[in-house]
Amino acid sequence: MEDNRRYITIALAKGRLAKKTMDLFENMGILCEEMKDPESRKLVFTNEEWKLKFFLAKANDVPTFVEYGAADIGVVGKDTIDEENRRLYEVLDLGFGKCRMCVAGPESARELLQHGERIRVASKYPEIAKDYFHNKKHQTVEIIKLNGSVELAPIVGLSEVIVDIVETGSTLKQNGLCVLEEICDLSARVVVNRVSMKMEQERIRTIINGLKDELAKKEQA
Ligand code: PRP
């Protein structure tokens with residue numbers, strides 16, 4: 001019988017999150033062998049049985065693909081979701097990729113935070129930093145956008161503090177820095193396009209519930 005269903009497209013943030021997510025799909029019986037081939041230059045992978053398409057994208061671009069409906073579903077870190085602030089539904093916490101968004105710096109900078117001084121804050125996440133300092137702390141600060149190795153900023157004198165992800169804390173420790181304030185907890189999340197959620201409610205629900213069941217099984221194991 002002809003399968004007239006349209007493909008549901010899933011965008012995954014490249015790297016560890018994608019690998020862990022595909023493991024969950026595999027446990028659900030949704031296989032995508034082609035995706036595992038390191039030699040492959042293919043960008044989009046299909047599963048005909050479920051009528052699914054998967055693609056890998058840079059984390060920051062995943063919310064964009066989902067907002068515009070180029071992907072119905074996305075899997076990406078909460079940090080990226082908050083930074084991009086796109087119109088989409090966040091429907092599931094996958095519980096992996098756990099880390100924290102923090103204000104960090106040398107111990108000596110703690111005082112500057114307590115006294116609400118006008119300091120410089122370097123971050124790969126300018127929107128999260130802005131929201132935290134301006135809207136939550138009501139502290140006027142200057143935010144400087146960096147693209148990586150953010151820990152350098154307070155060391156070389158670019159800024160007093162940074163807003164960055166802390167996972168094990170070893171990068172901070174090795175550079176003589178520490179967590180000064182915690183902003184929020186982070187982990188991998190599933191996001192859904194707002195129109196797809198209505199138009200493909202049943203199929204999307206089946207996928208989300210399948211993921212939930214796999215997570216529950218893992219927790220019991
Ligand atoms: C992230 C983050 C910290 C580090 C935290 O950087 O920006 O630098 O990991 O991990 P830890 O607490 O376990 O040490 P990433 O490795 O993504 O690279 P980047 O510095 O280029 O942003």
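Values below: all heavy atoms of this structure, side chains included; hydrogens, waters and symmetry mates excluded. Everything numeric in this text was worked out from a predicted model, so none of it was measured. Counting starts at 1 for both ligands and their atoms, in listed order.
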- Message: Using salt bridge (Lys or Arg N to Asp or Glu O under 4.0 Å), reason through Lys124 and Glu83 one step at a time and then give a plain yes or no.
- Response: CA-CA 9 Å; Lys124 269 194 293 191; Glu83 181 64 22; over 6 Å; no
- Query: Are Arg189 and Asp93 close enough, and set up right, to give a salt bridge (Lys or Arg N to Asp or Glu O under 4.0 Å), and what steps lead you there?
  - Reply: CA-CA 5 Å; Arg189 308 287 163 98; Asp93 184 346; 3.6 Å; yes
- Is the shortest heavy-atom distance from the side chain of Phe96 to the side chain of Leu24 under 4.5 Å? yes
- Is any side-chain heavy atom of Glu127 less than 4.5 Å from a side-chain heavy atom of Asn85? no
- Query: Between the side chain of Arg203 and the main-chain N/O of Lys51, is any donor-acceptor distance below 3.5 Å?
  - Reply: yes
- Report all protein residues having a heavy-atom distance below 4.0 Å to some atom of ligand 1; order the list by chain, then number. Lys124, Gly148, Ser149, Glu151, Asp164, Ile165, Val166, Glu167, Thr168, Gly169, Ser170, Thr171
- Query: Does the side chain of Ser40 come under 3.5 Å of the side chain of Asp37 through a donor N or O and an acceptor N or O?
  - Reply: no
